[in-house]
Amino acid sequence: MSGRTSKPTVGALRETGESSSVPAVLTWLAWSLFAASVAALVARVRLGGAWEIPGAVAVDGLTVLLWVVVTFFSGIVHSYSRRYMAGSAHVTDFFLGVFAFTLAVMALVAADHVALFWLCWLAMGLLMARLIGTVDGWPQARAAASVARRSFLASSALLGVALAALWWATGATTVSGVAASADGLGGPAWVVAAVALVLAAMLQSALVPFHGWLLSSMTAPTPASALMHAGFVNAGGVLLTRFAPVVTVDAALMLGVVAVGATSALLGKLLKTVQPDVKSELGCSTVGQMGFMIMQAGLGFFGAAITHLIVHGFYKAYHFLSAGEEVEHAVPTEEAHSETSAVGAVVVLATGLAGGATFAVLTGKGTSVDSGLLLAALVALTTLHAARSALRQTALSPAARYGAIPLVFLPAIAGYALVYEAVSSVLAGVPMVSAPTELTALHALVAVAFLAAYVAIETGVHERSERLYVALLNAGQPAPETVLTATEEYDEH
């Protein structure tokens, strides 16, 4: 671990040479689940349809796709943890917790009965809180687990309210039954259900202003952080996708989802700029990326949200598991932002437009005057930013970096578009995977504000305000009781 999340005391380590067979067995089981999930995905693509136990479980395209993703991440985390957790007195509990969390997520995405869905959601949160506080003799870890647990219980309570309201309004006791009855939803019961669903998703995905639990969770072992950021926080997108027929009933609600997503996307990026350590930077990055995911759901493209959470999961798992190397790889620079020349600005603009056109041609999104146009613009903007960030880490001169932008960006956005199309084909048959909305003046306002703020961040304008810096520093602070403040608290000797 890095930054303020140093290792626990020597009392948490084994003093004997004993080794447990549990990690090896559970690692083998995790990879076996991955192999079985891949087989299920292949069968689903070839045979189509949904496999179900009526009234309890329904395995559709979304289920098998997420099974493959979560079991792959689980297998990686299990394998990585064999060495990372070696010698820890908590190794068995940790591996049992990771494996149980994997099973809870797999059950959640297959659950059709609303009670089973809720129980899996609750179990998933409680298990993740336990992983955050793995070292129970470490006061800061216990405090972080408590902060996370309160947020997850609040999310579960909101989901319970939403499911109860939907049952009251439709009489359906299954997720599929609610989706089938969504056309008749409206009135106070729908408002309660829809708002509760969105709030539950925001809490679970650590969107602003509910991001505190995520920034306070740095006591979690690094592999647990990888699983959290690559899988757990994505649950908000999964929830909105499962209940897409409910949240798409009213365009005003969808616009609200876009607004909260845009807010988190921008603030997550801003908060990242003031973080003092690698894991906290990655945490703020997750807040921003989850904002993008929720924005895509608000635009009506739930398949795009699922694509984003998958791509982000791979990206964030890699960066967390390699976080220890980031200090070695970091190269001091004399200036945070280089001046952008007129030619450079033209190159970036032209490249962005070409990328947006590429995405539109390959996916068909953005070819009509609807929310797909905004989706194409957002994907182009975020992919362009990622390409520029990657090039900034190279030794190329500024002029060479601008020349390299198209070479990196255009293949990246084309690859993203192809992944999106592949995901969409697997999700065929899932209700409301694509439900574009009409563009309104408010959409345009959100887009303009988002673009203006993004450009300001890219050019470093925000760094000139001391008041903004202090506000961001305060907003990005974890809960005080989760922070190590004295070296004796983590002295191994």
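Heads up: numbering here begins at 1 and tracks the sequence. Heavy-atom basis, side chains included; hydrogens, waters and symmetry copies ignored.
- Within the 4.5 Å cutoff, the side chain of V287 has no heavy atoms near those of the L207 side chain.
- Residues S81 and F94 approach most closely at OG-CE2, 3.3 Å, considering heavy atoms.
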Can you check side-chain contact (heavy atoms from CB on, under 4.5 Å) on V59 and E52, steps first, answer last? CA-CA 6 Å; V59 178; E52 59 181 344; over 6 Å; no
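- Side chain of T174 to main chain of G177: a donor-acceptor pair is present (N/O by atom type, distance under 3.5 Å, no hydrogens or angles).
- A donor-acceptor contact shorter than 3.5 Å links the side chain of S425 to the backbone of A422.
- Side chain to side chain, T102 and S74 meet the donor-acceptor criterion of an N or O pair below 3.5 Å.
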Could you walk me through whether F99 and L33 pass the side-chain contact (heavy atoms from CB on, under 4.5 Å) test, one step at a time? CA-CA 10 Å; F99 192 75; L33 286 175; 3.9 Å; yes
Run the side-chain contact (heavy atoms from CB on, under 4.5 Å) check on T263 and V260 step by step: do they pass? CA-CA 5 Å; T263 299; V260 298; 5.5 Å; no
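- Closest heavy-atom contact between V105 and M124: CG2-SD, 3.6 Å.
- You'll find the side chain of R149 reaches within 4.5 Å of the side chain of L153, heavy atoms only.
- In this structure, F34 and F72 have tilted ring planes: the angle between them lies in the 30° to 60° band.
- Remark: side-chain polar atoms of T27 are paired, donor with acceptor, to backbone N or O of P23 under 3.5 angstrom.
- The shortest non-hydrogen separation linking A179 to P245 is CB-CG, 3.7 Å.
- Between A196 and A162, the shortest heavy-atom distance links the atoms CB-CB, 3.8 Å.
- A distance-only check finds no donor-acceptor pair linking the side chain of S424 to the backbone of G303 [under 3.5 Å].
- With contacts defined as side-chain heavy-atom distances shorter than 4.5 Å, the pair L253/W190 qualifies.
- When all heavy atoms of I310 and V69 are compared, the pair lying nearest together is CG1-CG2, 3.9 Å.
- Taken from CG in L66 to CG in L427, the straight-line distance is 8.0 Å, to the nearest 0.5 Å.
- One finds the CG atom of N234 at 10.5 Å from the CD atom of Q204 (value rounded to the nearest 0.5 Å).
- Between F243 and F117, the ring-plane angle classifies as perpendicular under the 30° and 60° cut-offs.
- Between L126 and F152 the shortest side-chain heavy-atom distance does not fall below 4.5 Å.
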Evaluate the criterion side-chain hydrogen bond (donor to acceptor under 3.5 Å, both in side chains) for residue pair W31 and S79; output intermediate values, then yes/no. CA-CA 9 Å; W31 284 115; S79 297; 2.9 Å; yes
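- Between the side chain of S155 and the main chain of S151, no donor-acceptor pair closer than 3.5 Å is present.
- No donor-acceptor distance shorter than 3.5 angstrom exists from the side chain of W67 to the backbone of S37, with no hydrogens or angles considered.
- Side-chain N or O atoms of T363 include one that pairs as donor or acceptor with a backbone N or O of K365 at under 3.5 Å.
- Annotation: the span from L65 atom CG to D60 atom CG amounts to 10.0 Å, rounded to 0.5 Å.
- The shortest non-hydrogen separation linking F302 to V247 is CZ-CG2, 3.9 Å.
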Please assess S146 against R142 for the test side-chain hydrogen bond (donor to acceptor under 3.5 Å, both in side chains), listing each intermediate value before the final yes or no. CA-CA 6 Å; S146 179; R142 291 202 307 272; over 6 Å; no
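- If you take CG on L215 and OG1 on T286, they are separated by 9.5 Å, rounding to the nearest 0.5 Å.
- Side chain of H211 to backbone of A475: a donor-acceptor contact under 3.5 angstrom is found.
- Taking 4.0 Å as the cut-off between side-chain N and carboxylate O, D112 and R242 do not count as a salt-bridged pair.
- Of the possible donor and acceptor atoms, one in the side chain of T248 sits under 3.5 Å from a partner among the backbone N and O of A244.
- Ring orientation note: the planes of W213 and F232 are nearly perpendicular, at an angle over 60° on the 30°/60° scale.
- At least one side-chain heavy atom of T383 sits less than 4.5 Å from a side-chain heavy atom of F409.
- Contact check for V257 versus M295: no side-chain heavy atoms found under the 4.5 Å cut-off.
- Residues Y416 and T307 meet the side-chain proximity criterion, which asks for heavy atoms closer than 4.5 Å.
- Counting heavy atoms from C-beta outward, V198 and I294 have side chains that stay 4.5 Å or more apart.
- Counting only distance, with no hydrogens or angles, the side chain of E421 and the backbone of A417 share no donor-acceptor pair below 3.5 Å.
- From L41, atom CG reaches atom OG1 of T63 across 11.0 Å, with rounding to the nearest 0.5 Å.
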For side-chain contact (heavy atoms from CB on, under 4.5 Å), just list the numbers for V109 and V64, CA-CA rounded to whole Å, side-chain angles, deciding distance to a tenth of an Å, and then say yes or no. CA-CA 8 Å; V109 297; V64 293; over 6 Å; no
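- Atoms NE2 and OG, on H312 and S285 in that order, are 5.5 Å from each other to the nearest 0.5 Å.
- For Y420 and F301, the ring centers are positioned 6.0 Å apart or more.
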